[in-house]
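In what follows, a structure is listed as C-alpha cells, so that the remarks can point back to it.
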2 protein chains.
Amino acid sequence: MGRHSDAKQRILDSARVLFHARSYSAVGIQEICDHAAVKKGSFYHFFPSKQALTLELLDQSWLGFEQAFISSLLNPERPALQRIVHFFKLGCEMQQRLLDKTGCVLGCPFGNLAMELSTQDDLLRAKLQVFFQRMETVLEKALLEAIRTGELAENTDTKLSAKAMLAYLEGLLLMAKTGNNLQDFTVLSEMALKLITNRCKD
Amino acid sequence: MGRHSDAKQRILDSARVLFHARSYSAVGIQEICDHAAVKKGSFYHFFPSKQALTLELLDQSWLGFEQAFISSLLNPERPALQRIVHFFKLGCEMQQRLLDKTGCVLGCPFGNLAMELSTQDDLLRAKLQVFFQRMETVLEKALLEAIRTGELAENTDTKLSAKAMLAYLEGLLLMAKTGNNLQDFTVLSEMALKLITNRCKD
DNA sequence: CTTGTAATTTACCAACCAGTCAACTATTAT
DNA sequence: ATAATAGTTGACTGGTTGGTAAATTACAAG
C-alpha cells in the first residue's frame, strides 16, 4: 500500500558519501537532504534521528565492505598470507580512487566515525567496535588457514596478530589522510605481516 | 601597559581538554568560554577564530608532548630499542590516567584532530602532518642510535620503520578508543618493534 | 594624576542546527 | 471507485553556531 520511492536509499547514499568526505558533525541533515534531493520532512519520515540514520548507514556500509574486501580475503585461490597483502592493496586502490574523485585521502569510513564519535555516542561506538571485531575475526580466519597450509607456525597467536594488523591498517589510513598522500601506503602496508606473533614469549 | 590576565591561557587549556574529550566540531566557542570562565567577547579579543585558537593550541600541546614523552625517548640511560617500548608504555599510562578521570579512552589528541579535520581544514591538517613527521624523526633517531650500539642491523630502514611504528601507535590508540578499553594496548604495543624493517628486500 | 592600552562585558548578528507537525498527494489493494 | 497507506512538502520550533561592535573597566607607565 501507499506509494514507493527510493528516497530512503538516496538519503543513505548521500550520508555515506558526505560523512566519509567530511565528518559526522560537519554534515547537517539539511545538507544530506539537499544532496539526496529530498525535503527534510521526508528525512524524518524515514529516520527518527541522525543517529538512527547512521546506525542503518553503518549496517549497509558493512555489507558493501564485506562484498568488496572480505570476500577476497577468504578467497581460497590465493595463499592465505598473500590474501592479506592483497587485502591491504585493495584498500590502497580504493583510497586512490577516492583521492582521484575528491582530491582528498578520505581514510576508513569506519575508523573516521569511530575516532570522532567514540567518546560522544556510545551506541555508535559499540556498533563500530563490533565491525572491528568482525574484521579481526576475518583476518584471524586467514591466519588460521595459513597455519593449516603450513605458511605459519602452529603457535601463531592468531587473535593478537589479527588485532595488530587491523590497528596497523587503521593507523596507516590515518597517516595517509593526514598527509593527504598515498605514496608510502603501499610499501608500508606490505609490512603488516611482520606483526604476526607467536604465543607466549615471541 | 593595560591590565594583564591569564584568560588566554585558560581558554587554551579549556579548549585542549574539551577537544580531546569530544571533538573539534562538537565543542563550540561558547562552551570553551564557559569552561574557562571567560566571556565570548574576550575569546575574540585573544583569537581571531576557532581555527587560530586551534593552531596555537596545537603548538602548546606539542611542547607539552615533547616534554612528557619525547625526552624519555631520547634519554640515553636506557638502550634505544627499550626506550621505544617505554615510550609506548608512557602513552598507555597516560591513556589510563585519562580513562580514570573521564571514563573514556580519549586517544591521541593529535590523531583525533587529524582524523576529523584533515579533509576539512588544510591549515590544521598541514600542521598536524608536521607533528607526525617530527614524531617520525624522533623515533628514527632512536633507531639510528640502536644501529650505533649494535642493537639493530646496519641496513635497517630507519625512516620506514619509524613511519610504520607511528602509524601502528595511532592505530592502537584508535582501537582502544573504539573499544573504550585499554586491555590489549600494552601487549599489542610491545609488538611495535616487529615493524622494524631492513632496506630493499627484507 | 593623567593618558594610553589591554582586558572585559554586553548585546547583537545572520546562518545554521536537529527535530516537529499537519496538510497534501500519489499509489495500491480491495 | 474507494479507503487505507506511504511518501512528500513547506512552514515552523527553540536553541546554537561562529563571529562582530561598541562601550566600559582596570591597570601600568609617563
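Each chain gets a letter, A, B and so on, in the order its sequence line appears, and its residues count up from 1. Just so you know, these numbers use all the heavy atoms, side chains as well, and skip hydrogens, waters and symmetry mates.
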* To do: Can you tell me the distance, in whole Å, between the CZ atom of F43(A) and the P atom of dA6(D)?
  => 20 Å

* To do: Please check if any side-chain donor atom of E116(A) sits under 3.5 Å from a side-chain acceptor atom of N112(A), or the reverse.
  => no

* Asked: Can a side chain N or O of S5(A) be found less than 4.0 Å away from OP1 or OP2 on dA6(D)?
  -> no

* Spacing between Q30(A) atom CD and dT16(D) atom C1', to the nearest angstrom -> 16 Å

* **Per H4(B) side chain, nearest of listed nucleotides dG18(D), dC27(D), dT9(D)** => dC27(D)

* Row check, Y168(A) ring normal vs K194(A) NZ/CZ: under 6.0 Å, within 45° -> no

* If you look at every strand shown and take non-hydrogen atoms under 4.0 Å, does G41(B) touch a base, only sugar-phosphate, or nothing? -> base

* Whole-Å distance between dT17(D) P and E31(A) CD? -> 18 Å

* Look at the side chain of R3(A) against the base of dT25(C) and say whether a donor-acceptor pair falls under 3.5 Å; ignore hydrogens and angles. => yes

* Find which nucleotide of DNA chain C each of G2(A) and K39(B) is nearest to by heavy atoms, and output the residue with the more 5' nucleotide. => K39(B)

* **Nearest-angstrom distance from the residue atom CD1 of I11(B) to C1' of dG18(D)** => 14 Å

* Asked: Any luck finding a side-chain donor-acceptor pair between E66(A) and S71(A) under 3.5 Å?
  -> no

* Between the base of dG10(D) and the side chain of K40(A), is there any donor-acceptor pair under 3.5 Å? -> no

* Is any NZ, NE, NH1 or NH2 atom of the basic residue among D13(A) and R16(A) found under 4.0 Å from an Asp or Glu carboxylate oxygen of the other? -> yes

* Tell me yes or no: between the side chains of Q82(A) and E151(A), is some donor less than 3.5 Å from an acceptor? => no

* To do: Could you check which residues of residues 44-57 of chain B get a heavy atom under 4.0 Å from DNA chain C? Sort them by number, please.
  => H45(B), F46(B)

* **Flag for E140(A)-T158(A): side-chain donor and acceptor within less than 3.5 Å** => yes

